Amino acid sequence: MRAALVILSVALISGCSMFYDREVQWETVPPKTFPVLKAVGYAPLAEQKADSAEQRMLMAMKASKLEAYKELAEQVYGQKVDYKVTMQQAVVGNDKLKGSIQGVIKGARVVKTYPVGEFYATEMELDFKQVYEIYQNSAPVRRIKSVKYY
């Protein structure tokens, strides 16, 4: 009985030591290609609630930038679409369509901001190489390169 207990203890101890006697080497895994997404946002100057033309222009610039961000988020995350219709509504043409986008865009840059007639436009781009570098600094994507057991 005592011999069996000693053998069982030695087996358990040696089995656990396998987990502590190893060296794991990691390597980062960069993607093969990095796409560059482009988006344009527009905002009407006349619809901006401000006292002066300069304030309307600044507000339209900010609104067009937000529209460009929305466009980038839609490209990155997609758009959720809810559509509801009943037979009675289908005949009358009273469809209910609702869309939403949610996400975080990091690393986008404004390429150009300019007036277009009665609108203000902002062109933006999102280079996924920069996005990859941002995330490598915060949460690197890694895979096991090699494992050595001692």
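Note that the coordinates shown come from a computational prediction; the quantities given were computed from them, not determined experimentally. Throughout, numbering of the chain's residues begins at 1 and tracks the sequence.
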Minimum heavy-atom separation for [X] and [Y], please, with both atom names.
| X | Y | result |
| --- | --- | --- |
| Lys65 | Val110 | CE-CG2, 3.9 Å |
| Gly117 | Leu45 | O-CD1, 4.1 Å |
| Ala68 | Thr122 | CB-O, 3.8 Å |
| Ala39 | Gln75 | CB-NE2, 4.0 Å |
| Ala108 | Leu126 | N-CD1, 3.6 Å |
| Arg56 | Ala50 | NH1-O, 3.1 Å |

Once rounded to the nearest 0.5 Å, what's the spacing between atom [atom1] of [X] and atom [atom2] of [Y]?
| X | Y | atom1 | atom2 | result |
| --- | --- | --- | --- | --- |
| Glu71 | Ser64 | CD | OG | 12.5 Å |
| Thr113 | Met57 | OG1 | CE | 10.5 Å |
| Phe128 | Leu37 | CZ | CG | 5.0 Å |

Worksheet item: Distance-only, no hydrogens or angles: does the Gln55 side chain make a donor-acceptor pair with backbone N or O of Asp51 under 3.5 Å?
Response: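 Checked: pair present.
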Item to complete: Answer yes or no: is there a donor N or O on one side and an acceptor on the other, between the side chain of Gln48 and the main chain of Pro44, under 3.5 Å?
Response: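 Confirmed, Gln48 side chain pairs with Pro44 backbone.
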Item to complete: Please test Ile105 against Tyr77 for side-chain contact (heavy atoms from CB on, under 4.5 Å), starting from the C-alpha separation and ending with a verdict.
Response: CA-CA 10 Å; Ile105 300 294; Tyr77 297 102; 4.2 Å; yes
Worksheet entry | Transitive ILVMFWY side-chain link Ile134 to Met124, under 4.5 Å |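 Different clusters.
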Practice prompt. Examine Tyr132 together with Phe34 and report whether their ring centres are nearer than 6.0 Å.
Written response: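 For Tyr132 and Phe34, the ring centres are under 6.0 Å apart.
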Does [atom1] belonging to [X] count more than 12 external heavy atoms closer than 6.0 Å?
| X | atom1 | result |
| --- | --- | --- |
| Tyr42 | OH | no |
| Gln79 | CD | yes |
| Glu118 | CD | no |

Worksheet item: Do Glu125 and Arg109 meet the salt-bridge criterion of a basic N to acidic O distance under 4.0 Å?
Response: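 The answer is yes: the pair qualifies as a salt bridge.
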Worksheet item: Is there side-chain contact between Tyr120 and Val116, with at least one heavy-atom pair below 4.5 Å?
Response: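 Result no, sub-4.5 Å side-chain heavy-atom pair not found.
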Item to complete: Check whether any side-chain heavy atom of Lys98 sits under 4.5 Å from a side-chain heavy atom of Val81, and report yes or no.
Response: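 Contact flag for Lys98/Val81 side chains = no.
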Practice prompt. Apply side-chain contact (heavy atoms from CB on, under 4.5 Å) to Val131 and Glu133, showing your working.
Written response: CA-CA 5 Å; Val131 173; Glu133 290 169 358; over 6 Å; no
Item to complete: Under the side chain to side chain donor-acceptor pair (under 3.5 Å) rule, what do Glu123 and Tyr114 come out as? Steps first, then yes or no, please.
Response: CA-CA 9 Å; Glu123 296 179 14; Tyr114 52 93; 2.7 Å; yes
